[in-house]
Every structure is written in structure tokens, then in C-alpha cells.
Participant: 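Just passing along the structure, written as C-alpha cells.
FYI, side chains are in, hydrogens and waters are out, and symmetry mates aren't considered; it's all heavy atoms of this structure. Every chain is numbered from 1 and lettered A, B, ... according to where its sequence line falls, protein lines coming before strand lines.
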Amino acid sequence: MSDRLIYLDHAATTAVKPEVFEAMKPYFTELFGNPSSIYSLGRTAKKAISEAREKVAAALNADAKEIFFTGSGTEADNWAIKGVAYANRKKGKHIITTAIEHHAVLHTCEYLEKEGFEVTYLPVDENGLICTKRLEKAIRPDTILITIMLANNEIGTIQPIEEIGEIARQKGVIFHTDAVQAIGNVKIDVKSMNVDLLSLSAHKFYGPKGVGALYIRKGINITNLMHGGAQERKRRASTENVAGIVGLGKAIEIASNNIEQYNKKLLALSQKAIEEISEKIPYIKFNGHQKLRLPGTVNISFRFIEGESLLLMLDMKGILASSGSACTSGSLDPSHVLLAIGLPHEIAHGSLRISFGEESTEQDVSFLVEQLSLIVERLRGMSPLYEDFVKNEGRNLYV
Amino acid sequence: MSDRLIYLDHAATTAVKPEVFEAMKPYFTELFGNPSSIYSLGRTAKKAISEAREKVAAALNADAKEIFFTGSGTEADNWAIKGVAYANRKKGKHIITTAIEHHAVLHTCEYLEKEGFEVTYLPVDENGLICTKRLEKAIRPDTILITIMLANNEIGTIQPIEEIGEIARQKGVIFHTDAVQAIGNVKIDVKSMNVDLLSLSAHKFYGPKGVGALYIRKGINITNLMHGGAQERKRRASTENVAGIVGLGKAIEIASNNIEQYNKKLLALSQKAIEEISEKIPYIKFNGHQKLRLPGTVNISFRFIEGESLLLMLDMKGILASSGSACTSGSLDPSHVLLAIGLPHEIAHGSLRISFGEESTEQDVSFLVEQLSLIVERLRGMSPLYEDFVKNEGRNLYV
Amino acid sequence: MYSDKVMDHFANPRNVGEIEGADGVGQVGNAKCGDIMKMYLKIEDGKITDAKFKTFGCGAAVATSSMATELIIGKTVDEAYKITNAAVAEALDGLPPAKMHCSNLAEEAIQAALEDYKLKNGLTDEADVCKKCCKRCEDVHDLIDEDM
Amino acid sequence: MYSDKVMDHFANPRNVGEIEGADGVGQVGNAKCGDIMKMYLKIEDGKITDAKFKTFGCGAAVATSSMATELIIGKTVDEAYKITNAAVAEALDGLPPAKMHCSNLAEEAIQAALEDYKLKNGLTDEADVCKKCCKRCEDVHDLIDEDM
Ligand SMILES: Cc1ncc(COP(=O)(O)O)c(C=O)c1O
Ligand SMILES: Cc1ncc(COP(=O)(O)O)c(C=O)c1O
């Protein structure tokens with residue numbers, strides 16, 4: 001057993017970096033002023049927010065006036081989608097998204113369907129990519145919004161965002177992208193990507209939980225989600241989470257300065273993991289696009305076993321990862337993403353997502369592969385499905 | 001000049017207490033797990049949230065299953081009002097509120113008016129109290145929600161919540177109260193107060209900014225505001241702000257344990273301030289109810305001078321307070337609350353809110369009064385209104 | 001989320017395996033739902049002398065399987081029939097609300113194996129064989145996420 | 001939010017007060033809007049030899065009043081007429097966007113005092129007297145909260 005935790009779930013959340021925490025610290029007990037207050041203590045807080053806004057803008061190649069802080073990535077997604085839908089409903093009621101969006105997008109779209117909007121859920125291919133031709137065809141005269149995620153949180157597949165943005169721009173449709181998983185991992189440029197709105201969440205790139213941001217391109221017509229005080233240029237009411245916003249700013253700054261190196265590091269670890277797992281463990285399938293993929297995310301289906309059991313056994317060895325099994329998704333079905341790329345239920349249940357980060361090492365990969373092969377073997381030994389498979393060897397049970 | 005800052009703006013926000021910060025600290029860099037993760041690190045975070053929830057429930061005399069964490073007091077207000085409105089719109093489209101609510105409530109109601117709801121804004125008397133008879137009369141067969149704040153943030157007036165709750169209950173109308181200013185200052189019991197929904201925000205009682213909670217009585221019909229993941233029993237999506245929630249829990253626990261003593265302390269300071277200011281400064285008016293009032297909030301109008309100037313001069317002496325002047329409210333008009341209690345614009349512009357807290361002392365009061373009388377005198381010396389007044393002595397310019 | 005006892009039975013499941021020439025074999029659940037439990041019984045003179053299982057499923061599914069085998073070994077067929085899902089869950093010091101269906105699975109697996117035994121021994125008609133197993137997926141719905 | 005220069009003129013305003021027997025007096029703004037500026041001018045041979053003000057208003061209103069008096073003392077009436085709000089704001093190293101209207105007020109107060117001087121000296125008709133002052137309240141609207 002390892003003497004430390006091997007955290008391989010960076011796509012779920014990340015630890016706040018010490019430098020980020022240091023930057024946040026003064027804003028809890030000392031520089032605690034309300035940014036709306038006109039006295040010194042308030043102005044200090046306001047200035048801290050402005051600086052964080054500049055940092056986010058720099059990371060996205062946006063203008064600071066186009067950045068609005070929110071209470072989470074989910075809030076940014078809800079705001080973007082509902083805000084554009086309600087502001088533009090006189091123009092049309094049609095929204096286009098994909099089948100593999102995060103629930104923050106999917107459930108928001110489903111809610112809007114109940115409110116009278118129509119939503120097209122684009123399918124994806126076995127690698128998780130949408131077809132841009134299909135997107136073009138799906139656009140109707142009454143289409144008011146296209147919302148397609150930049151990188152998928154389960155399988156890591158990266159969509160052709162620039163092309164999508166180009167299509168949207170040509171057709172005069174507003175384009176939102178959920179970049180919650182992408183920020184910090186891949187370079188973002190809202191201008192070259194033709195993006196109108198973009199969501200992000202600090203806790204995915206070593207910032208704190210409970211703070212996100214929405215980029216809203218100047219001129220985009222969007223109603224408010226949060227009504228109240230005049231904060232965020234009257235676009236998002238609530239006394240600002242100053243410490244959180246400062247943390248977000250610091251975290252995105254560090255991430256941007258370091259992104260190429262970080263990307264390379266993660267890719268090397270993923271490659272090593274993929275190679276060694278392929279070598280050691282039979283009856284598996286790697287999910288997600290081979291190349292157009294987040295560098296640190298590896299999603300694997302292990303036939304004959306169930307994901308939660310796998311996670312628990314890894315946890316007992318100090319390895320923390322995540323799964324698309326129903327048991328861990330808080331829903332009845334296994335991951336909608338894995339189903340959307342065409343996996344049968346029973347295979348989707350046996351999926352594992354490992355996502356590398358900052359402190360991951362090659363040793364971690366070796367230890368993971370070693371433990372994983374033992375655990376998979378053990379669970380298969382207990383599996384009635386594996387028993388059947390061995391008895392009927394050669395017959396594929398799942399097709 | 002004082003050698004330290006005298007913070008008299010606790011109604012705007014409070015510093016995170018050291019004990020609260022200590023409680024939060026581990027959840028940034030060490031215990032950073034995502035509460036939805038099934039491994040140890042995730043379960044630790046989930047447990048921390050459960051414990052915080054228990055603390056909030058205990059403070060309100062509610063059940064833990066009735067507490068839902070949000071990203072702010074504003075979000076709690078938006079959720080309560082929009083959530084009840086949308087969930088019950090088939091029953092009716094009428095909402096009752098007051099003219100002196102916080103903007104988080106008022107602007108939400110105004111938004112709903114645009115969406116086809118009808119809103120009655122109950123007036124208040126010169127002390128800021130609504131008339132319960134008038135409330136009863138305002139209730140229509142299609143009234144679906146009454147939302148009336150517990151304590152006002154500017155003048156501190158406390159409404160007869162139990163009676164309002166009783167009326168609402170009898171008429172079968174859902175009752176929400178914005179208790180953002182009340183929590184930590186006065187004792188709350190959602191059961192004896194007949195409250196169905198209650199909003200709170202941590203940063204008003206020495207917790208962190210950017211985290212709040214909504215109490216939703218079991219059985220209340222309310223739609224979600226934030227769609228997405230399965231967090232908060234599928235009622236409020238977003239990766240939880242674990243550190244913030246832990247801070248909220250710790251802060252409300254401390255506040256509840258200490259509430260009577262704290263209340264008494266604040267009241268003594270307010271009384272002293274009121275007496276000494278009355279004695280030393282002429283042409284003033286205290287706003288808000290004399291007795292039914294938050295213990296630590298004192299709101300004063302100084303004739304002939306403008307609030308922002310007053311605040312800036314206090315700030316130069318190290319005294320931090322707040323004003324209802326248009327210049328500081330981010331809007332064109334002076335405080336809607338001061339106008340609602342009948343103050344003419346010119347008097348409302350010259351208002352000052354001081355709000356005492358934890359670290360306030362009698363010395364602070366003495367220093368405040370001393371500086372205040374000098375500053376008011378100085379500003380009046382520069383005021384053309386005062387010049388006119390003196391020249392026309394005896395004629396009241398404002399009635 | 002799991003009790004220590006659940007984790008113990010998950011980490012060190014008792015009676016995993018197959019029984020060659022078992023007197024009763026029952027399999028419930030389906031791969032689509034994410035859990036399958038297969039129960040092998042050795043029955044002598046109306047008494048369960050051995051039980052083994054194989055399970056594809058979550059931690060609770062494995063633990064309840066393990067506990068179920070422990071509970072029935074040494075019991076008569078009639079006693080074993082009376083073992084409820086609640087009894088299995090209780091023996092494990094409880095299960096999270098969202099996982100209660102897994103104890104259902106254990107009860108069903110025992111009964112399926114017992115039915116198989118009866119059928120093989122002419123003690124029942126095929127018609128009687130338990131057919132509950134397919135509804136389980138939906139049963140879960142209401143319970144999920146009640147433990148926050 | 002305010003520049004050091006604004007804060008200096010606010011904390012130590014120049015030329016506060018009244019001028020007994022002033023040659024021109026102008027008052028603009030109104031109490032309802034939250035600011036009033038009253039300007040007293042001493043004018044000799046078409047040249048402003050002294051200026052004093054009284055202001056009811058925010059920090060920017062006080063600072064612009066103070067700066068305005070400094071700018072016009074020593075100027076001729078014609079030169080003083082040409083002093084724009086932008087010039088006052090610039091002399092203060094800028095004002096927050098939401099406060100630009102306060103420099104309007106200064107320009108208007110100067111002009112009102114100059115009109116009064118002209119009127120008293122038969123250099124103009126009453127009809128010409130500046131009547132801008134009442135619209136100010138609404139002018140502010142678009143600018144507020146642009147500085148975040
Ligand atoms: C792609 C994606 N979108 C949205 C979210 C929601 O972000 P948050 O949990 O911060 O609200 C997440 C992560 O949880 C995500 O991975
Ligand atoms: C009465 C009242 N309601 C709501 C709010 C909004 O709370 P928050 O700023 O935390 O969103 C506040 C304070 O800002 C308040 O005083």
C-alpha cells in the first residue's frame with residue numbers, strides 16, 4: 001500500500017494551491033470589507049475584484065468588462081442558457097446542444113423545454129465528437145442559442161469549438177461553451193474561438209469551490225439570473241465572494257502562465273497509463289477521442305465489473321478516482337455520456353475515470369496500474385458475468 | 001485621530017471570525033475532496049456539510065432536511081420567490097411583499113411582474129412597520145406568496161413575523177421571510193414564527209461571503225433555481241462550497257450560542273449612541289422603530305448635508321459606516337427604504353447608518369459622537385441649504 | 001457512506017465462489033441495471049449446509065451477498081425463505097437509503113436459489129419461480145440521494 | 001474610487017464660504033437630486049478676482065466646486081465661460097464615471113454666476129440665463145456603475 005493518497009480525480013475537483021490560498025487569506029478576517037462600501041476597506045476589496053477580473057480576461061483574451069463572477073460553474077451555465085433564452089425568446093424558441101453536456105447544461109435545457117422552448121440534442125460519434133455538418137443542418141430560423149461544451153468532463157473529448165463558433169457567427173446564433181473542464185488544461189481564446197459566452201469554475205484549476213465566472217461578449221443580449229443589488233455592473237447581484245474571486249483570479253493566472261508545460265506533463269502521464277493498462281489488463285476499452293482530448297483525463301471501461309466496487313477497492317489502496325457507474329452518478333442509469341458514445345449499459349457501469357494533475361507522478365501511474373490489474377482480476381473472479389464469459393469463451397455477451 | 005479602524009458597518013458585512021476561519025481552513029488545501037465522490041476524501045467533505053446543515057437547522061429550529069445551501073443571501077431570496085412563483089403559477093399569479101425589502105427581493109418581484117405575475121408592495125408607516133390588517137386585505141384568492149423581510153437592513157425595523165406567518169398559514173399562502181439581517185442578532189424559530197421559507201447569508205454573522213442558505217419547510221412546492229448535478233438532494237446544483245458551508249455552520253453555531261448576550265451588548269451601544277448624538281447634534285432624525293428594531297443598527301438623518309461627504313469624512317477619521325444617499329446606493333435615488341418611511345429626498349440623502357458588532361466598544365461610541373459632531377458642523381458650514389436655513393431661521397424648508 | 005460492517009464484508013467477502021453440483025442456483029438482477037447476484041446452495045436434509053455467491057455490482061451488492069450467505073448457512077429451507085432484505089441490511093448495520101435495493105437483490109437471490117432447489121426436487125411448479133428481479137431498476141428511484 | 005487630488009480638494013476645499021456683496025451669484029442643482037452648488041464671484045474690470053462656494057453634495061461635488069474656484073480666479077469673464085466640465089474633471093486627475101455629472105454642476109454654477117453678473121450689469125437679458133440645472137438628475141443614469 002502507498003503511504004500517501006494518490007489523487008487521480010482532478011476532473012472532479014482540485015485542491016486549492018498554497019499560493020492561491022495565501023492570496024485569498026487576507027480577505028477573510030482582515031480585508032473583509034464589502035466591495036460596495038465607499039470607505040477604504042471597501043475600496044480595497046473592490047480593487048481586489050477588479051484585479052481578479054483582469055486576470056480572467058487575460059486568460060481568455062477577453063475584455064475585463066466582459067467577465068462576470070458567479071457562485072459556481074453551474075450558475076454560469078444556468079445564467080448563460082436561461083439568460084439568452086429569455087432575452088431572445090421573441091426571436092425564437094430553439095436551442096441546440098449535445099447529448100454529452102454536463103448536467104448543468106442538460107438539466108437547464110430540459111427545464112427550458114418544460115417552459116416552451118425546443119431543444120435539439122446533437123448526438124456524438126463513438127469518440128464523443130459532434131458532427132459540424134449535422135449542427136449546421138440543425139440550425140433553424142428560430143434558433144437562438146447553441147451551447148456546446150469545450151471539453152467533456154467524463155471522456156475528455158474536445159469539440160471543434162472554433163468551427164462551431166464560426167458556424168454560429170455566420171448564422172447569427174449566439175454561441176455558449178461550457179469550458180469548466182478545459183480552463184487550465186488547454187489554451188482558450190474567446191476571440192479566435194468565436195465564442196459569445198463561456199463558463200468556468202475555479203475549483204477545477206486549483207482555485208476554491210463555490211466561485212465561477214461567465215464571459216459575456218460585449219453586445220450579447222442576456223437577462224439576469226440573480227436579481228438584487230448593483231454588483232457586477234448590475235448583472236449579477238450578491239455581495240461578492242471576495243476571497244473566492246481573488247482565489248479564482250490567482251488560480252487562473254498561475255494556470256495560464258504554465259499551461260503548455262502542464263499540458264505536456266499530463267499528456268505524458270496519460271500516455272504511460274494508457275500503454276501500461278493496455279498491456280496488463282484484457283477486455284477493456286478506452287473511451288473518448290484518442291487525440292482531441294483533455295491531456296490529463298483517461299476513461300476506461302472494464303468488462304464484467306462494476307465501477308463503484310472498483311472505486312472502493314482503489315480507495316482502500318489510497319487511489320482516488322471516479323466512475324460513470326449509476327451507483328456513483330446519483331441517478332438510475334450509468335453516465336449519459338458513455339451511453340451517448342454507444343457503450344451498452346453493462347459496459348458503462350464498469351467505467352473508470354482517472355484524471356491527472358499537478359502533483360501526479362510516473363510512480364503514481366505505476367502504482368495505479370499495478371493495483372488496478374490486481375483489483376480488476378479480483379472483481380472479475382467474483383463476477384457472474386465473467387464466469388459466463390469464460391464458460392462461453394469467444395461469444396461476445398454484449399453485442 | 002483613532003489609531004485603529006472603527007468598523008461600524010456590520011450590517012454591510014462582517015469579518016470572518018478567527019474560529020470560523022480555522023474551521024474552514026482544512027477544506028481548501030487538505031480536505032479538498034468533492035462531496036459527491038465516494039472515496040474517503042469525498043465522504044469527509046460530505047460529512048462536513050452534513051454537520052453544518054445540522055447547525056443551521058438547530059439555529060432555526062428546523063430539520064436538517066429543510067436546509068439548502070446557496071451561493072448567497074441573494075440567491076436564497078431569488079430561489080424562494082421565483083421558485084414558489086413558478087411552482088404555483090397554476091394556482092395564482094399574485095405575490096405580496098413590502099416597499100422596504102432588500103433589492104434581492106424587490107428586483108426579483110419586479111422581474112416577475114414582467115413575467116406576468118402581479119405584485120402588491122405593502123407600504124410601511126413612518127417607523128417602517130407594515131400594517132397586518134392591510135396585509136390581510138391584500139390577500140386574494142390567487143395570492144401564492146407573501147415575502148416580507150424579518151428585519152430591515154437600513155433602519156433595522158423588525159416586522160411582526162409571527163403574526164404575518166399566522167395570517168399566511170390561515171389563508172393557505174406560502175410565507176417567505178428574508179432574515180439575512182436578523183440571523184445572529186435576534187432569535188429565530190421557524191416553527192413558532194410560522195415561516196415556510198427563510199433566507200440567510202453567512203457574511204452578516206461573521207461567516208464568509210458567497211454562501212447562504214434557504215430554509216424550505218417540508219412539503220413546500222418550489223421549483224429549482226439552479227439546474228444541474230444532484231447536490232443538495234437534487235434541489236440546488238453546483239459543486240458545494242465546502243469551506244464556505246463549514247464556515248457558515250460554525251458562524252451560526254457561535255452566533256446562536258451567544259445571541260442573548262450579544263443582543264444586549266449591541267443594544268447598550270446603540271442606546272448610548274442615540275443618547276449622545278441627540279444631545280450633541282441638532283436638526284437630526286432617528287429612523288426606524290424605537291423598540292422593534294435590530295439591536296445594533298442606528299439610522300440617523302442629518303439635515304442640510306449629504307451622506308457620501310459625511311461617510312468620506314468619517315472614513316478619514318477611521319470610522320467606517322454607510323449611508324442611504326443616492327451617491328452610495330448605485331442608483332439615482334436615495335434609499336427606497338427611507339423614502340418609504342416618508343422622508344423627503346433631501347433628508348434621505350443626508351442619512352447615516354451605523355451598525356455595531358462584536359468588537360465595538362463604548363469608546364468607539366464616544367469617538368464616533370465626537371467626530372460626527374465636528375464633521376456635521378463642518379459640512380453644514382459648507383452647505384448652501386444650511387446657509388438658507390440660518391438666514392430664514394424658523395422656516396422649515398423641507399415640509 | 002457505508003458502515004464499517006458493510007466495508008468489512010465488501011473488502012473481505014465471505015463465501016465467494018461457485019459450488020460444483022449445487023442443489024440450488026439462483027441468479028437475479030441484470031447487467032443493464034448494474035448488478036447481478038448469483039447464489040449457489042448446497043442443501044442436505046432440508047438444511048443449507050453451504051452457500052456461495054458471485055456478484056457483479058456495487059459495494060453494497062457485494063456486502064449484502066456476503067452477509068446473505070452467512071445468514072442462511074445452517075438454516076433450514078423454510079427459515080431461509082423468511083430472511084428479508086431488512087434483515088440482511090440490519091445485519092450489516094444498515095445501508096445508505098440509495099442502496100437499500102441491494103438488500104432486495106440478496107433476498108431475491110436466496111429465494112431464486114431456493115425455488116431452483118424446489119423445482120429440481122419436484123417440490124414446486126415452474127410457474128411459481130420468483131420473477132421479481134426485473135422491476136428492481138425502477139424501485140431505486142425514490143430512494144436515491146436521500147442521504148445527503 | 002477618487003483620485004488623490006479629488007480627495008485633497010474634498011478634505012481641504014479651497015475657497016469655501018460666501019462673498020459679501022458678490023458681483024455674481026449662481027446656484028444650481030437641487031436638494032432632491034442630492035447636490036446643490038452655490039458660487040459667489042467678485043469681478044473687477046471683467047476679471048474674476050475672487051470666488052467662493054458652498055456645496056451640498058457628495059465628495060466629487062465638493063472637490064469640483066473647490067477646483068472650479070481655483071480655475072476661475074484670475075481669469076476674465078470670457079475665459080471663465082469657456083471652462084468646461086471636462087476641464088474641471090481633468091484638473092482633478094479624473095472622476096469616476098458615475099461622478100462625471102458633478103463636474104457638470106461646476107460648469108453650470110460658474111455660468112450661472114457669470115450670467116448673474118452680466119444681468120446685474122446689464123450685459124444680458126434675463127431670457128439668456130442658464131436653465132440647464134434641472135435635467136442633471138437624469139443625466140447621471142447611464143454612467144452609474146460603469147466603474148466596477
Ligand atoms: C463540464 C462541467 N460543467 C459544469 C460543471 C459544474 O461546475 P460547478 O460544480 O462548479 O458548478 C462541471 C463540474 O462539476 C463540469 O465538469
Ligand atoms: C436584508 C438583506 N437581504 C438580502 C441581502 C443579500 O445578501 P447577499 O449580499 O449575501 O447576497 C442582504 C445583504 O446584502 C440584506 O441585508
Participant: Answer yes or no: is there a side-chain heavy-atom contact under 4.5 Å between A/Asp9 and B/Ser37?
Facilitator: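 Yes. Closest side-chain heavy atoms under 4.5 Å.
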Participant: Can you tell me which portion of A/Tyr7 sits under 4.5 Å from chain B's heavy atoms? Options are side chain, backbone, both or neither.
Facilitator: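 Contact with chain B involves the side chain of A/Tyr7 alone.
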Participant: Are the side chain of B/Asp315 and the backbone N or O of A/Ser40 linked by a donor-acceptor pair below 3.5 Å?
Facilitator: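 Side chain of B/Asp315 to backbone of A/Ser40, a donor-acceptor pair under 3.5 Å: yes, one is there.
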Participant: Name the region of B/Phe28, side chain, backbone, both or neither, that has any atom closer than 4.5 Å to a heavy atom of chain A.
Facilitator: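 Answer is both: backbone and side chain atoms of B/Phe28 are under 4.5 Å from chain A.
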Participant: Which one wins on heavy-atom pair count under 4.5 Å against chain A: B/Gly207, B/Gly210, B/Ala15?
Facilitator: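 When all of B/Gly207, B/Gly210, B/Ala15 are compared, B/Ala15 has the most.
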Participant: Measuring heavy-atom distances to chain A, does B/Leu320 have an atom under 4.5 Å in its side chain, in its backbone, in both, or in neither?
Facilitator: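 Both backbone and side chain of B/Leu320 come within 4.5 Å of chain A.
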Participant: Which one wins on heavy-atom pair count under 4.5 Å against chain B: A/Ile81, A/Thr13, A/Val105?
Facilitator: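 So the answer, after comparing A/Ile81, A/Thr13, A/Val105, is A/Thr13.
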Participant: How long is the span from the CE atom in B/Met226 to the CG atom in A/Leu225, to the nearest 0.5 Å?
Facilitator: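 Spacing of CE (B/Met226) from CG (A/Leu225) equals 6.0 Å.
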Participant: Can you tell which part of B/Asn78 gets under 4.5 Å to a heavy atom of chain A, answering side chain, backbone, both or neither?
Facilitator: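 Looking at B/Asn78, just its side chain touches chain A.
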Participant: Among B/Lys82, B/Glu101, B/Glu110, who wins on heavy-atom pairs under 4.5 Å with chain A?
Facilitator: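 Ranked by heavy-atom pairs under 4.5 Å with chain A, first place is B/Lys82.
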Participant: Taking B/Lys209 for its side chain and A/Phe32 for its backbone only, find out whether a donor-acceptor pair lies under 3.5 Å.
Facilitator: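 It does hold such a pair.
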Participant: Please classify the contact between B/Tyr27 and chain A as side chain, backbone, both or neither, with a heavy-atom cut-off of under 4.5 Å.
Facilitator: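 Neither; nothing under 4.5 Å.
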